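Counting starts at 1 for both ligands and their atoms, in listed order. Source: prediction; values computed, not measured.
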Amino acid sequence: MKMHGDPEKRLLEIPEQVYPILPQPWWKSTLNIMQNNRFYVVVLVILIGTGITIAFINRDTTHQQNDITTDNQGWIILKSLGWNTKYAADDQNTYNDGIQQYQSMNNKKSQLHENVNHMKYHHRPTSDDSQELSQRFHPVNNHRRSRALSQNSNSITTTGNNLSYQTTTQTSTSTTSKIATTSGMNTTTNGVEINLTLYIDTIYPYGKSNKAIISANYSFPGPPIEAYEGDILVIRVINQLDVPTTMHWHGLYQTTTPDMDGAVGITQCAIPPKNEMIYKFKAEPAGTAWYHGHLLERYTDGLYGPLIIHQRNEPNQDKYDSEQVLMVADWYNLQAHTQLLPWYLNPNNTDGNEPSPDAIVVNGKFTEALTISVSNSARIRFRIINTAAFSMYTVSIDGLPLHIIELDQVDTLPYTVNSFNINVAQRVSFYIDLSELSLEYTASGNLSTSAVYIRFQAMLSMYPVDILNYIPPYEQQRYPYPTFFNPLYLAILSFNGTNSTPSYTASSTTPALQNTVTPIDTNILAARPFYQNTTGIPNATYYLSLVIAFYTSANGINYAYLNNVSYSSDANYMSMTPAPTQGITSDEYAPLLNQMVTKSNNLGIPSPRIEPGSSLPTVQSDGYGHYLVPYEAVVDIFLNNTDTGEHPFHLHGHKFWIIATSDYPDAEFLYAGNYIQRDTVSVPALGWAKIRYVANKPGAWLFHCHIEWHMSAGLALAFITSPQQLLAEGYTISSDEQKLCQALQKFNKKQNSK
Ligand SMILES: [Cu+2]
């Protein structure tokens, strides 16, 4: 592995197409469908005409770069109508499942944008979960959906216990009917099929910033993806950005699909510009997951969205009537990879100060611009996702206790708190019951209001500068600097359906509540799993101690280290030169997963061995951050943090038990055999965390700090789980993956020749 040394990467120009985006003859099926469905053809022509007209009308100065073209738009509409007509043609069949569509997403500047964004579909639960996978997915009942669409031409909603993803308080004033777009079910794949097209977008969600963001389907954040547990998700990621990228499905198990994890250099080649990759994997486990870019700090600039996996029988479903997703994130005025990273990984930044954010955004909206209106429901489940590049937040709702029921796709027994902390990449679900609103806020108390504030308070202690006092003119011109940061974000929870605002002034601190307990730690170790394993959890069979440290390297740059190795897997997008025949290598070569196949017996990593201080064999590495883990090993990992910052460590493809942390060492004994599981643990500053996981998936799995800056500084490693088992299970490098790597190689060659 090449050590860090050249952090600044070029912003690449858009190359000519090197690999066709649409290798399938989609137009053929569309033509057939047109012939068989003349009515739809007429509608299609009208819609395209309308679309082009609207696109033309809505052209404005903020969409100069990579704006919608009629070609792109026309293709999406064509495609979606093709699917719709296919469903219509299947109507004579008997269908057991229905499909429901929700209103969602940002109100974009044009109706066309909205058309692209409305891509949420939802299987209705069936009572029969025991059927084989192939039998569990039924074609769509198009009659039902057609009625729903026609009855709600401007607002497609559903009843019952459905998720509402509210990204905006604006309501569309357009009266044009929305077009039902994209996917939902696909009868050939038995799953949920979705396109995610990535664009540079300059929607300027905040007046004080004109930074271009990365959108998926012209949506920021990306559109919600929903499925039922066990569904097959087929997600076509089309890269219309100017640099290679991938998508990671955070929290997904990827059992038997290690090549779908989206980690560049670990599980796949990056998707070059003007190329695509079809991700196909099972939706498991159930709960609140998310997706985000996994190369070049792209999610800092907007490349993220929710991935919600429902259960047919949610364990706490009797506790709430509706759902909301809130994605909280840092907003930076500058581009992460081309502007912030060069400043961060720089000899002038000897202290390793991280770039401080300029603002907080929730669902892409800035403070006091997001209203959650809950007129139809008194009991609401909130799914909080921390999608920040850097920040940790304390979450609370004025006057209401929060009943936590899920942590990182692990259901918990309801656990009531006043507020809780959430670190980067973690998810917390809680429900509220408006009947529990504190008297202080009700008519019988001192204050009557039909709305209260939802608070996201950034943890100031983690910022390298004193942000509250960091006001121009700056003592030292340290670039970049926060320009309008307010550590307290306020969203509005409105009860009466009229988008009312609170009748009180928000205080700077969270109001105290009665009859609740204080959160004990960021990892919420005191919450108990809903499903308890009667046989306890397995005893550890292997051990690994990891020391987290930051220090200045020979080139004067402050890097991050795990056991003295600073990991880099994405420099130069992998130049794809022939990898050495001996030893597994990252950085410039083929993905680790591919190398596990091509040289399974020559990875150059020692087997576990007993080391002083541990009775268990210690997992070994090659000295470059690649750790070889035996199949089905039960590994205890001790993370020893020598840094003054708290670090959220994420393990791809697995959940781990959090046994204890230095904030709550008693947890190991109090909850023995019944620890909480998560996929992201917050390792306390100058403290430690002890976790345990079962290496039951052969493949290459990234384990890293999820703070973007720290990951880019090298705070990562890869677990190589049993190449022999991988081969024994019949894994091969797919032809799609080979094509993608060839396309990347071609792209790199072209870039290098410039
Ligand atoms: Cu970190």
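Taking the six-membered ring for Trp, F719 and Y693 have ring centres closer than 6.0 Å. A centroid separation of less than 6.0 Å is found between the aromatic rings of W290 and H706.
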inquiry  = Evaluate Y291 against V237 for side chain to side chain contact (heavy atoms under 4.5 Å, CB included), listing each step before the verdict.
reply    = CA-CA 11 Å; Y291 60 89; V237 175; over 6 Å; no
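Among the atoms of H706, no N, O or S atom falls under 2.8 Å of the Cu ion (ligand 1).
Remark: K211 is not positioned above the aromatic ring of Y332, lacking an NZ or CZ atom under 6.0 angstrom from the ring centre and at most 45 degrees off the axis.
The nearest N/O/S atom of H647 to the Cu ion (ligand 1) is ND1.
At the Cu ion (ligand 1), the vertex angle linking SG of C705 with ND1 of H710 is 130° (nearest 10 degrees).
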